[in-house]
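Remarks on the structure that follows.
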Amino acid sequence: DTGVSQNPRHKITKRGQNVTFRCDPISEHNRLYWYRQTLGQGPEFLTYFQNEAQLEKSRLLSDRFSAERPKGSFSTLEIQRTEQGDSAMYLCASSLEAGSNQPQHFGDGTRLSIL
Amino acid sequence: AQTVTQSQPEMSVQEAETVTLSCTYDTSESDYYLFWYKQPPSRQMILVIRQEAYKQQNATENRFSVNFQKAAKSFSLKISDSQLGDAAMYFCASQGGSEKLVFGKGTKLTVNP
């Protein structure tokens with residue numbers, strides 16, 4: 001069990017560019033979550049998958065954001081036409097399916113900085 | 001909608017002493033779960049302790065325990081025998097019918113040697 005892995009750890013890009021982050025969950029976990037954490041705040045939910053199906057999306061996930069989990073294993077989060085307000089830590093978490101009492105395990109996050 | 005409020009932006013404690021972090025929440029769910037997560041500087045979020053709302057008994061995990069007051073919608077975390085490694089941001093979170101976690105803004109805990 002190597003834990004939840006996120007790449008890259010840091011991403012610096014110019015406003016208007018597209019960025020893509022990757023998350024590899026714990027291997028037996030079929031639920032995968034994306035959160036965004038800005039400075040001084042707790043994480044905010046963006047979306048989650050059960051296997052390859054995207055089951056819930058937050059209103060925070062504007063049309064510039066898209067997440068996929070094509071084979072029910074790793075997931076990608078893409079942000080198109082980045083804006084200053086997209087600067088944040090993007091956290092991925094995974095859990096087993098069996099009920100809401102299964103804890104979510106978090107990765108180290110990808111810190112996005114928009115110049 | 002669920003909300004979680006942590007009213008203490010920062011707390012400090014002397015090593016080996018006890019500290020209590022406060023959390024209040026609001027939810028319309030009848031069945032929900034509450035969590036405390038720890039986030040050390042530049043490190044990943046780690047689950048400290050969790051509580052099922054239907055259980056009256058307060059959860060404990062070694063030096064960590066909670067005081068769950070369902071009627072008051074309060075869920076405080078007590079850390080006994082504080083250690084230097086306990087220094088971190090602590091986040092209270094709730095989880096209802098939706099699978100998402102709703103977090104508070106966090107409390108920064110400093111442990112003084």
Side-chain angles (χ1 to χ4, degrees), chain A residues 1-7 9-10 23-26 29-51 53-61 67 88-111, chain B residues 1-10 21-25 27 29-55 59 61 64 68 75 77 88-108:
Chain A
D1 179 0
T2 57
V4 177
S5 176
Q6 292 189 245
N7 288 288
R9 291 292 306 275
H10 299 95
C23 172
D24 289 87
I26 294 171
H29 287 183
N30 54 8
R31 286 188 169 160
L32 187 149
Y33 310 79
W34 286 99
Y35 293 85
R36 182 173 69 184
Q37 185 178 21
T38 53
L39 200 61
Q41 302 293 320
E44 295 174 291
F45 171 78
L46 292 178
T47 188
Y48 96 93
F49 294 83
Q50 181 166 307
N51 300 314
Q54 189 174 17
L55 296 187
E56 186 174 351
K57 293 195 293 185
S58 163
R59 57 181 174 78
L60 293 176
L61 213 66
M89 177 75 85
Y90 290 84
L91 297 171
C92 177
S94 69
S95 74
L96 290 168
E97 177 178 350
S100 294
N101 61 341
Q102 293 300 318
Q104 296 181 21
H105 299 261
F106 284 81
D108 288 336
T110 294
R111 182 169 295 283
Chain B
Q2 297 178 73
T3 60
V4 176
T5 302
Q6 293 179 251
S7 60
Q8 304 156 318
E10 296 187 24
L21 308 185
S22 300
C23 172
T24 58
Y25 63 94
T27 180
E29 305 278 352
S30 57
D31 187 19
Y32 56 92
Y33 301 83
L34 298 166
F35 305 83
W36 279 97
Y37 277 87
K38 168 186 177 181
Q39 188 177 40
S42 301
R43 295 183 63 187
Q44 65 185 213
M45 191 94 66
I46 302 167
L47 178 66
V48 174
I49 198 166
R50 59 182 169 173
Q51 173 83 40
E52 293 91 340
Y54 63 85
K55 289 187 177 179
E61 286 287 342
F64 299 87
F68 175 46
F75 182 63
L77 174 70
M89 285 292 294
Y90 285 81
F91 292 96
C92 179
S94 69
Q95 185 182 41
S98 166
E99 296 302 320
K100 67 183 181 185
L101 289 168
V102 176
F103 288 87
K105 290 188 176 183
T107 296
K108 181 180 179 181

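Each chain gets a letter, A, B and so on, in the order the sequences are listed, and its residues count up from 1.
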Given a strict heavy-atom distance threshold of 4.5 Å, which part of [X] is in contact with chain A: side chain, backbone, both, or neither?
X     : result
B/L47 : side chain
B/Y32 : neither
B/Q39 : side chain

Working to the nearest 0.5 angstrom, can you tell me the gap between A/E44 CD and B/K100 NZ?
10.5 Å

Apply side chain to side chain contact (heavy atoms under 4.5 Å, CB included) to the pair A/Y35 and B/L101, showing each step before the final yes or no.
CA-CA 9 Å; A/Y35 293 85; B/L101 289 168; 3.4 Å; yes

Minimum heavy-atom separation for [X] and [Y], please, with both atom names.
X      : Y      : value
A/G107 : B/Q44  : O-CB, 3.4 Å
B/Y37  : A/Q104 : OH-O, 3.0 Å
B/E99  : A/E56  : N-OE1, 4.4 Å
B/F103 : A/P43  : CD1-O, 3.4 Å

Side chain to side chain donor-acceptor pair (under 3.5 Å) filter on A/Q50, not counting sequence neighbours, yields A/R31, A/E97

Segment of [X] engaging chain B (4.5 angstrom heavy-atom cut-off):
X     : value
A/Q37 : side chain
A/L91 : side chain
A/R9  : side chain

Applying side chain to side chain contact (heavy atoms under 4.5 Å, CB included) to A/N7 and not counting sequence neighbours gives A/S5

